[in-house]
Amino acid sequence: MNILSPSAKKRLPTAIKNLPETEQAVFVFLRLRRDEAFISRELEISLGVAHNAIKNVQDALVKSGALDLIQDPVFYPIDFSPDGNGAGGGLELESGDMPAESQIALESFYRLLEESLEKMPKNGRRLLGLWFNKEMTAKDILRFYSNLGLSAVSGKPVSGTTQEDVFYEIEKNIRKLANIVRSNSNEKEMEITPSALRSILEETGV
């Protein structure tokens with residue numbers, strides 16, 4: 001099962017790029033905080049295969065020092081003792097450096113992405129796909145739309161659309177998609193910012 005676009009594969013950590021395709025897909029699900037049962041079901045593999053693939057991904061990330069990409073930060077008291085003789089309490093040290101907003105978005109976003117994109121106008125979905133999946137430049141996008149005889153920006157003629165207009169239209173559609181994701185979520189406290197959404201789309205594609 002291939003869940004990654006070519007552009008998303010390019011953005012995988014080096015340690016993951018060297019693993020088989022199944023492990024690459026597993027990495028994406030682990031990045032989105034999915035459990036073993038979910039991964040087994042979505043990739044249509046046995047729990048045993050899923051378990052081994054998860055271990056392979058974890059081992060590769062441990063060796064590269066990037067385990068925090070798939071694992072929540074671990075907190076220890078400043079006086080923590082492995083033998084249990086520590087006094088307890090004290091300051092807590094956080095491992096990992098994933099931005100909190102990105103972590104929250106990753107945990108909530110995947111299950112909402114497909115249905116939210118379906119509610120996007122067709123032109124908006126196409127534009128985001130060209131940018132995040134095809135990795136087209138603004139100039140490439142203008143040429144693509146011109147060949148179709150369409151404008152990349154609603155309300156502007158093809159000849160009058162600039163690269164700056166394309167950048168603006170992409171940002172506008174990211175904000176629009178973020179609003180749709182928030183409105184589709186059953187978690188009323190969930191907040192997905194456009195910057196967090198952009199980060200997710202850069203990793204997973206549209």
Side-chain angles (χ1 to χ4, degrees), residues 1-32 34 42-43 69 98-99 101-185 190-206:
M1 178 181 179
N2 184 11
I3 66 168
L4 299 179
S5 66
S7 60
K9 287 185 177 182
K10 291 180 183 178
R11 300 185 184 98
L12 290 172
T14 301
I16 302 302
K17 285 181 180 179
N18 295 329
L19 295 179
E21 187 174 18
T22 296
E23 273 78 355
Q24 292 178 2
V26 166
F27 167 76
V28 172
F29 283 122
L30 291 175
R31 186 87 160 102
L32 298 168
R34 301 308 179 188
E42 289 299 307
L43 296 182
L69 291 176
M98 181 190 295
E101 64 176 17
S102 295
Q103 181 173 318
I104 293 171
L106 283 169
E107 292 171 348
S108 304
F109 180 78
Y110 186 75
R111 69 178 182 275
L112 301 173
L113 177 59
E114 185 174 356
E115 62 182 87
S116 298
L117 283 169
E118 286 297 320
K119 294 185 177 182
M120 287 280 291
K122 182 179 179 180
N123 192 54
R125 291 200 309 271
R126 181 193 291 128
L127 186 61
L128 293 179
L130 295 175
W131 183 260
F132 290 107
N133 294 356
K134 303 299 184 181
E135 293 189 303
M136 287 188 178
T137 64
K139 184 176 180 180
D140 292 334
I141 290 174
L142 284 176
R143 186 182 301 114
F144 174 84
Y145 275 90
S146 179
N147 290 337
L148 292 178
L150 300 173
S151 174
V153 179
S154 177
K156 275 208 168 188
V158 176
S159 60
T161 305
T162 66
Q163 293 185 43
E164 288 74 17
D165 293 328
V166 173
F167 292 132
Y168 175 79
E169 193 72 5
I170 290 169
E171 291 301 322
K172 185 174 74 174
N173 277 283
I174 290 174
R175 291 195 299 271
K176 184 180 297 183
L177 181 56
N179 288 334
I180 295 174
V181 171
R182 283 195 293 266
S183 65
N184 285 347
S185 174
M190 187 185 74
E191 177 68 18
I192 291 183
T193 65
S195 61
L197 178 55
R198 170 182 276 278
S199 176
I200 295 168
L201 293 176
E202 286 175 348
E203 290 193 4
T204 64
V206 174

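Just so it is clear, the structure is predicted and the values come from calculations on it, not from any experiment.
- The 12-atom threshold is exceeded at NZ of Lys172, counting heavy atoms of other residues, nucleotides or ligands nearer than 6.0 Å.
- What you find for Glu118 and Arg125 is that their closest heavy atoms are O-NH1, 3.7 Å.
- Listed here is the closest heavy atom pair of Ile16 and Gln24: O-CG, 3.5 Å.
- Looking only at side-chain heavy atoms (C-beta outward), Trp131 and Arg198 come within less than 4.5 Å of each other.
- Residues Gln163 and Leu142 are in side-chain contact: their nearest non-hydrogen atoms beyond the backbone lie under 4.5 Å apart.
- The shortest distance between side-chain heavy atoms of Ser183 and Lys119 does not fall below 4.5 Å.
- Of all heavy-atom pairs spanning Ala152 and Ile141, the tightest one is CB-CG2, 4.4 Å.
- Between Glu135 and Lys10, the shortest heavy-atom distance links the atoms OE1-NZ, 3.4 Å.
- Note that CZ of Phe132 and CZ of Arg11 are 8.0 Å apart. Values are rounded to the nearest 0.5 Å.
- In terms of heavy atoms, Ile174 sits closest to Pro194 at CG2-O, 3.6 Å.
- For the pair Phe27 and Leu19, the minimum side-chain heavy-atom distance is 4.5 Å or more.
- For the pair Thr161/Glu169, no side-chain contact is recorded, criterion being any heavy-atom separation below 4.5 Å from C-beta on.
- With respect to the salt-bridge test (charged N to carboxylate O, under 4.0 angstrom), the residues Arg34 and Glu42 do not qualify.
- In terms of modelled atom types and a separation under 3.5 Å, the side chain of Lys134 and the main chain of Gly129 share no donor-acceptor contact.
- Put simply, the side chain of Ser151 gets close to the backbone of Lys156: a donor and an acceptor are under 3.5 Å apart.
- Nearest heavy atoms, Gly160 versus Asp165: O-OD2, 3.7 Å.
- With contacts defined as side-chain heavy-atom distances shorter than 4.5 Å, the pair Tyr168/Val153 does not qualify.
- At least one side-chain heavy atom of Asn123 sits less than 4.5 Å from a side-chain heavy atom of Arg126.
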